[in-house]
Enquirer: 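Just passing along the structure, written as structure tokens.
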There are 2 protein chains.
Amino acid sequence: MENEPPAPRPRRRTPAGAAVLREEVTDAIRTAVFEELAAVGYGRLSIERVARRAGVGKAAVYRRWPSKLPIVLDVVSALAVQGLPTPDTGALRTDVRALLELTSRVMRHPMVAQIIPDLMAEAARNEEIAQAVQAAIRDSQRTIAEAVIRNAVARGELPADADIDLAVDLASGPLYWRLVLGRSPLPKGYLDSLTTAITTALGAKES
Amino acid sequence: MENEPPAPRPRRRTPAGAAVLREEVTDAIRTAVFEELAAVGYGRLSIERVARRAGVGKAAVYRRWPSKLPIVLDVVSALAVQGLPTPDTGALRTDVRALLELTSRVMRHPMVAQIIPDLMAEAARNEEIAQAVQAAIRDSQRTIAEAVIRNAVARGELPADADIDLAVDLASGPLYWRLVLGRSPLPKGYLDSLTTAITTALGAKES
DNA sequence: AACGGTTGGAACGCAACCGTTCCGTCGTCA
DNA sequence: TGACGACGGAACGGTTGCGTTCCAACCGTT
């Protein structure tokens, strides 16, 4: 027991036999992170609780991610994958209206309504989270807005230089502000008025 | 030492001599809470750190507030007191434009930019915070918007039934969404376009 | 059948806060 | 001027989370 040379990396064979990270465990952890994020927020999120919720040993978590931040980045990035469908109803107004309806439904989703504000708050103090959130939310939004506007331009409903940036902010900002801050149901004609405001802002830009 | 009846409040005299809570200490704590809130957020805010930052014993804190939540509610409510000035330039468009400029400046303020998202996130899981934030932000906003619109109606620039709710959301939502999520400087004509969108949405409502 | 690495679970020492209690000091009202 | 009570500071026991390290059990490739 004393003459063993510390084994100069004998030969590590291939990765392994059946001893490989089980995807189901990974998914369980990701789900637990998501739920925990909604329940207590990023600030209070702890690996210990995540593991407990996932029904998993802490070691299983640390085997995959070195710390809290990478896990959250992973989960957030995963959200971006399944983007929202792009409405294509044949007319700008109905496209915008459909988009608003979809957006308001997503923002009302209990889990989303908890997580997004939390991530935005954390993004203000963490550049990596900021980029992940931006990629997951804003970029996908912009893609949708671009498509809707491109279609409208092709139909001659909008001038070619419609302001996409403003459109994106008008389509999400007011809804977010109202739903998160007020948390009251939207007034009756709210989405219609907002639709008018957006289409007018886009079309009347050059007039 | 055994026959002492637990002192039926002998007579407590008046409050006290010079042993009264010192306002400067209270202020120091409030300031520390505010800074700590910006630095680490509500979730991670600890009485211990607040006391340390304020240069104060923990006891001084607990002498004033029983726990974390009341302190924060206190500080948040205090923010509502000094409301923003109401622009009154003599025309709707310039009023709105001034309001947007003011709003964007406030939202850019480093401390505010950190705290508001954080409070909104916490409001999603805490009804008391939600009400405090709503009172501090939304109500004061609405007051300003009402004044601006009332003036415009009096000048005949707007119909009497202009949609105040929508106006409030349009004036804050897009700016917030862009500044917090994008954190890039506003594009050149952004405030102008937004001004147009808002005034149009208000005036064109019934047309 | 054997190997190797993952599995859930328990425990480690360490650190941060919790809310409370006890100091000796200090300032001010009565 | 005396007494009351807040002051900063230190310490209390208890809880929680950290990141690591063991363990026996399991399982799929070879």
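Order of the sequence lines fixes the chain letters, A, B, ..., with proteins taken first and strands second; residue numbering starts at 1 for each chain.
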Enquirer: Using Watson-Crick or G-U wobble geometry with both distances below 3.5 Å, tell me the partner of D:dT29, or none.
Expert: C:dA2
Enquirer: Counting only Watson-Crick or G-U wobble pairs whose two distances fall under 3.5 Å, which nucleotide matches C:dT7?
Expert: D:dA24
Enquirer: Both B:Val61 and A:Arg49 contact DNA chain D. Which one's nearest nucleotide lies toward the 5' end?
Expert: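 By nearest-heavy-atom nucleotide position, the 5'-most residue is B:Val61.
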Enquirer: Mind calculating the distance between CH2 (A:Trp65) and C1' (D:dC18) to the nearest angstrom?
Expert: 18 Å
Enquirer: In whole Å, what is the span from the CG atom of B:Leu21 to the P atom of C:dG27?
Expert: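 So the CG-P distance, B:Leu21 to C:dG27, works out to 17 Å.
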Enquirer: Mind calculating the distance between CZ (B:Arg64) and C1' (C:dG19) to the nearest angstrom?
Expert: 17 Å
Enquirer: Round to a whole Å and report the spacing from CD of A:Glu24 to P of D:dG28.
Expert: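 To the nearest whole Å, that distance equals 10 Å.
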Enquirer: Apply the test salt bridge (charged side-chain N to carboxylate O under 4.0 Å, His left out) to residues A:Asp169 and A:Arg138: give CA-CA distance (whole Å), side-chain angles for both, the deciding distance (0.1 Å), then the verdict.
Expert: CA-CA 9 Å; A:Asp169 296 340; A:Arg138 193 174 188 85; 2.9 Å; yes
Enquirer: Are B:Asn126 and B:Tyr42 linked by a side-chain donor-acceptor pair shorter than 3.5 Å?
Expert: no
Enquirer: Side chain of A:Ser46 only, please: which of C:dG8, D:dG17, C:dT20 is the nearest?
Expert: D:dG17
Enquirer: Tell me: CD of B:Glu23 to P of D:dG5, nearest whole Å?
Expert: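 Nearest whole value for this atom pair: 20 Å.
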Enquirer: D:dA6 P sits how many Å from B:Ile29 CD1, rounded?
Expert: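 Computing the B:Ile29:CD1 to D:dA6:P distance gives 13 Å.
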Enquirer: Would you give the length of the straight line joining atom CZ of A:Arg97 to atom CG of A:Leu191, rounded to the nearest 0.5 angstrom?
Expert: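 So the gap between those two atoms works out to 4.5 Å.
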Enquirer: Looking at D:dG17, I'd like to know if its phosphate oxygens (OP1 or OP2) sit under 4.0 Å from a side-chain N or O belonging to A:Arg52.
Expert: yes
Enquirer: Applying a 4.0 Å non-hydrogen cut-off, can you work out what B:Arg44 is touching in the nucleic acid: base, sugar-phosphate, or nothing?
Expert: nothing
Enquirer: Output the rounded distance in Å from OH (B:Tyr62) to P (C:dC22).
Expert: 17 Å
Enquirer: With respect to the side chain of A:Ile47, which nucleotide from D:dG19, C:dT7, C:dG9 is positioned closest?
Expert: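 Side chain of A:Ile47 sits closest to D:dG19.
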Enquirer: A:Arg63 side chain N/O closer than 4.0 Å to the phosphate oxygens (OP1, OP2) of C:dT7?
Expert: yes
Enquirer: What's the closest nucleotide to the side chain of A:Glu48 if the choices are D:dG9, D:dC7, D:dG17?
Expert: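 Of the candidates, D:dG17 comes closest.
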Enquirer: Rounding to an integer number of Å, can you tell me how far A:Lys68 NZ sits from D:dG19 P?
Expert: 9 Å
Enquirer: Is it true that the side chains of B:Arg64 and B:Thr26 contain a donor and an acceptor less than 3.5 Å apart?
Expert: yes
Enquirer: Can you give me the closest heavy-atom contact between B:Arg125 and A:Gln114, atom names plus distance?
Expert: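 Taking every non-hydrogen atom into account, N-OE1, 3.8 Å.
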Enquirer: Does the C:dG19 base have a donor-acceptor partner in the side chain of B:Lys58 within less than 3.5 Å?
Expert: yes
